[in-house]
Amino acid sequence: MTAAHPDRERARALLLRALQSTGRTAEALSSYEEFRVALAEKLGADPSPELREAHLAVLREETTRLRGSNLRAALTSFVGRDAELALVDRRLAEHRLVTLTGPGGVGKTRLATTAASALAGEQAVWFAELASVSDPADVPQAVLDALGHRTAPHGRDALDRLTDALSPAPAVLVLDNCEHHLDAVASLADGLLGSCPDLRLLATSREPLGLLGEALVPVPPLGLASTGADAAGVLVSPAGRLFVDRARAANPDFAVTAGNAGVVAEICRRLDGLPLAIELAGARIRSLPVDRVLALLDDRFQLLNQGNRAALPRHRTLRAVVDWSWDLLDEAERSVAAALAVFGGSMTAAAVDRVCPGDLPAAVVLSALVDKSLLAVDSVHDGRSIRYRMPDTIREYGLEKLADADRVRAAHARYFREIAEQAAPHLRGPEQLEWAPRLAADRDNFRVALRFACGAGDADTAIRLATALAYYLTMHGDHAEAARLLRMALELPAGATEANRVPATAAYLLNAVLSGEVVPEAIGRCRESAGSEHPSGAVVEPLIALLTGDFDAALAAIDRRQPHPAPLARAMLSFVRALVNGNRGALRQTCDDLAAAAERFRALGERWGMVSSLTYLGITRTMLGDPDAAIAALRCSMAPARELGDDHHQRIWLATAYAHAGDAERAGAELRGVIGSEPAAQHLALARLKLGDLARGDGDLRAADEQYDLAWWAVGPRRDVDPVFRSLHGMARARLALARGACEEARRDLRSALAAASKTSDLVLVAAIGSAIAELPARTGQFAAAAELLGAAGALRGSPDALNPDIARLTGELRAALGDPAAVEATARGNDLNHHEILGLFEHHLAAPADTGR
């Protein structure tokens, strides 16, 4: 009609409204402008009020629409993404295409909508969900639908209509879940950005769109609480806050306490800081206690199988999220990804080339898996090659998909056996500073390989790997774990591997002594290596004698072997002599042996032996009541310990020496420094116990209680197989119960502590528990019996440990109650008892009923 009658204004106004109502706003405005210009040139007149009003109506509605938004209001709190939000804002200010990348469930959509919502009001902000689009050709229409344009009339292309809708004014378009139609989304984005100069695109995808000018924002997992964090530390961490928010939504009574802070932190760590998984786990608190949730994470896909019913199916459960990512891989990528699940910790491309099947070079596949957010580039590497890490959730899923697991695991074990055998000769001297860090990068892989070889009954691989790793495992400092790993290998039938068993045997026995592990059957099987000519065999016989309590035989065996031709063997024999003398209470001879051992190790450039000798020298000097000499020895040990990568053990005992010297402030500062520096679990637990002891000594029983709880959770699953920790923790709990006046509770804790300590070869530990047992008769007025117990503990230890704050306090109380002569006489009675009589005395007082009528 307007073409036939170009001057009819009423028809022109109807055309404007018709074009505007079908979303063709740009054409409506162009039609008005053409008519206005033609009318002015032809007649020198302006459009009529009716036509001008129609034009204004188009402008008003378009302005309202362009400043609108279809973003949904958030239903839950947004936690822990301040840095990522700031980065998205900067990227959007500098680039017109910004893509958030990361694994499924990491929170890309929530981050994108939160960032975009801050821009609503100033400009149009539209959100288009693409996960439900099954045909790539439907992507443009899906975006049109999100903008409220249901059809494309007159056969016009959807991209043209999107251009009309998005070009008149500044706008932000969020394209969510682009990964399954990358080519179609990339083509749409390229077209829109080329036609709409004021448009910015914010995409979410598990891999980049791959367009020129694309700015990436990798979305990492939520930050985790530091190792051993207390309740406040868990609540400060983003992952911990998210878990607590969702747990409280499910169970309003839930709270983070000293008793469960470690559990919450461990749940978040086991779930890789993945927000979706953490939310699903938090929701389980409605029906399960938090420690039960942690235990069930061994089958996380079964546990986390109930999510938001309104969410897309692939976001309702953890398995659905991983299924979606897995289905986006091609066959070659799936094969390699499943095989990567056998690795422990991180991996290099060289290791993947040797272990995993596939025709493509490992670097190519690893790069693709990083792009698709199934692998992360590890921030820790060995300085020679990039390392990659697979999240635990993906690893568990991959193991389910791995068809030939035994073959791949066997290849993994062979490869890491070769690495260990290459490194072994370089670990016993100055070169250990270069080679130990190389092995440290694959520490988890060595554990996995050794456990598989043992479980598969592959004695040759297991013994060769254990022998190659023997010195490294001892250097690592977790002697209880080293003893368990080496014992697993040594329990396999010897066969043709007998000649290779000696270093592993010697290392097992040494770690058994240092950790207190006594397994009579395993020790008995070690006797066959006692006559070996291998340098490591020099310590086998004395260590067996030490572990079986035959100290005279141990010293005699050392004397026979001391003029050994191998310098390292001579140094180790001096160290073992110190251990023997320490266990038989000859502490001054122990100091002489440790000083000699330290010097011999120093001459060899062998830092582990030097550090260990100096550390035990400091511990022994502390028990002998010479904290100044102890502090000097421990300080000397710290520099070489740092060279080996970890001085936490030395710092903890330095804090103990400070406490014995009466400087509780410095002791506390040193322990807090250890706790704040991400130590290994066993060091964290010990630091917590000692910090709790300081708090108890200051009368802050609540703080002590909290530290003891944190120690319990910090040590993790190893508490079930670590008798030394159970002894120390039980003793700490008993002393806290005594401070509260709960003598029966203390008696129960001390019974458990003594039972655990009796499973070890550590008589110093048993003596420490005996000193705590002395508190029981003292609380019921049996002061002479208490003094006798203190004397017995001192005899077993080889020193009264008179500067120990607990012993010094009790000694003062007993002298005040008995008078010095009677106290000395009662203590002497305990000093005169033999080993078996001392243990009987301890057990007698633990069995006696409490008498509360002091």
Side-chain angles (χ1 to χ4, degrees), residues 79 102-108 206 219-225 234 237-247 249-251 254 260-309 311-329 334 337-346 369 372-376 389-402 405 444 447-448 451 713 716-717:
V79 173
V106 81
K108 300 183 296 295
R206 299 187 191 185
V219 182
L222 288 175
L224 301 171
V234 169
S237 70
R241 288 210 319 273
L242 180 64
F243 180 87
V244 172
D245 281 358
R246 302 308 184 256
N251 179 357
F254 178 77
N260 67 19
V263 182
V264 173
E266 182 66 7
I267 288 172
C268 295
R269 188 196 66 77
R270 291 277 304 278
L271 294 175
D272 308 304
L274 199 66
L276 176 64
I278 291 171
E279 289 181 328
L280 293 173
R284 283 298 196 176
I285 300 302
R286 180 176 65 86
S287 56
L288 294 171
V290 67
D291 53 345
R292 184 62 179 157
V293 171
L294 176 59
L296 291 173
L297 285 184
D298 287 340
D299 189 3
R300 67 189 67 196
F301 295 113
Q302 180 64 33
L303 175 69
L304 307 180
N305 64 353
Q306 295 179 9
N308 178 13
R309 289 190 176 92
L312 291 168
R314 66 181 187 81
H315 269 163
R316 290 181 190 170
T317 70
L318 186 61
R319 180 176 292 281
V321 169
V322 184
D323 281 341
W324 173 270
S325 295
W326 200 263
D327 290 343
L328 296 175
L329 303 178
R334 286 192 197 109
L340 292 179
V342 306
F343 283 84
S346 62
L369 293 175
K372 295 180 180 181
S373 302
L374 290 176
L375 278 184
R389 183 175 296 274
M390 178 173 274
D392 286 347
T393 298
I394 304 300
R395 177 178 285 110
E396 185 173 320
Y397 186 92
L399 288 174
E400 290 183 5
K401 299 293 184 180
L402 185 57
D444 292 333
R447 292 189 187 111
V448 168
R451 287 193 178 106
W713 293 112

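Applying the ring pair (Phe, Tyr, Trp, His ring centres under 6.0 Å) test to every pair with at least one member in residues 269-289, sequence neighbours left out, gives no pairs at all. Residue pairs that meet the side chain to side chain donor-acceptor pair (under 3.5 Å) test with at least one member in residues 275-290, sequence neighbours left out, are R246-E279, R284-N305. Applying the ring pair (Phe, Tyr, Trp, His ring centres under 6.0 Å) definition to pairs two or more places apart or across chains, none involves residues 273-294.
Not counting sequence neighbours, N251 has no partner by the side chain to side chain donor-acceptor pair (under 3.5 Å) test. Remark: Y397 engages F301, W326 in a ring pair (Phe, Tyr, Trp, His ring centres under 6.0 Å) (not counting sequence neighbours). Listed by chain and residue number, nothing satisfies the side chain to side chain donor-acceptor pair (under 3.5 Å) test with Q302 (two or more places apart in sequence, or in another chain). Under the side chain to side chain donor-acceptor pair (under 3.5 Å) criterion, R451 pairs with no residue, sequence neighbours left out. Under the side chain to side chain contact (heavy atoms under 4.5 Å, CB included) criterion, D444 pairs with R447, sequence neighbours left out. Under the side chain to side chain contact (heavy atoms under 4.5 Å, CB included) criterion, A239 pairs with L222, L224, C268, I278, sequence neighbours left out. Judged as a side chain to side chain contact (heavy atoms under 4.5 Å, CB included), and not counting sequence neighbours, the contacts of A225 are A229, V234, S237, A265. Applying the side chain to side chain contact (heavy atoms under 4.5 Å, CB included) rule to V448 yields the partners R409, H412; only residues at least two apart in sequence or on another chain are considered.
Taking CG from L242 and CG from L271, the interatomic distance works out to 10.5 Å, rounded to the nearest 0.5 Å.
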Side-chain donor-acceptor pairs under 3.5 Å in residues 290-298, sequence neighbours left out?
{"from": "D298", "atom 1": "OD1", "to": "R270", "atom 2": "NH2", "distance (Å)": "3.0"}

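The main-chain N or O of R389 is never found under 3.5 Å from a side-chain atom of R395 such that the two would form a donor-acceptor pair. A donor-acceptor pair is defined here as one N or O able to donate and one able to accept, closer than 3.5 Å; such a pair exists between the side chain of R334 and the backbone of D327.
Between M390 and L340 the shortest heavy-atom distance is CE-CB, 3.8 Å. Smallest separation of non-hydrogen atoms from P103 and V219: CD-O, 4.3 Å. Looking at every heavy atom in both residues, L329 comes nearest to A337 through CD1-CB, 4.3 Å.
Looking at V322 and E396, their side chains never come closer than 4.5 Å, going by heavy atoms from C-beta outward.
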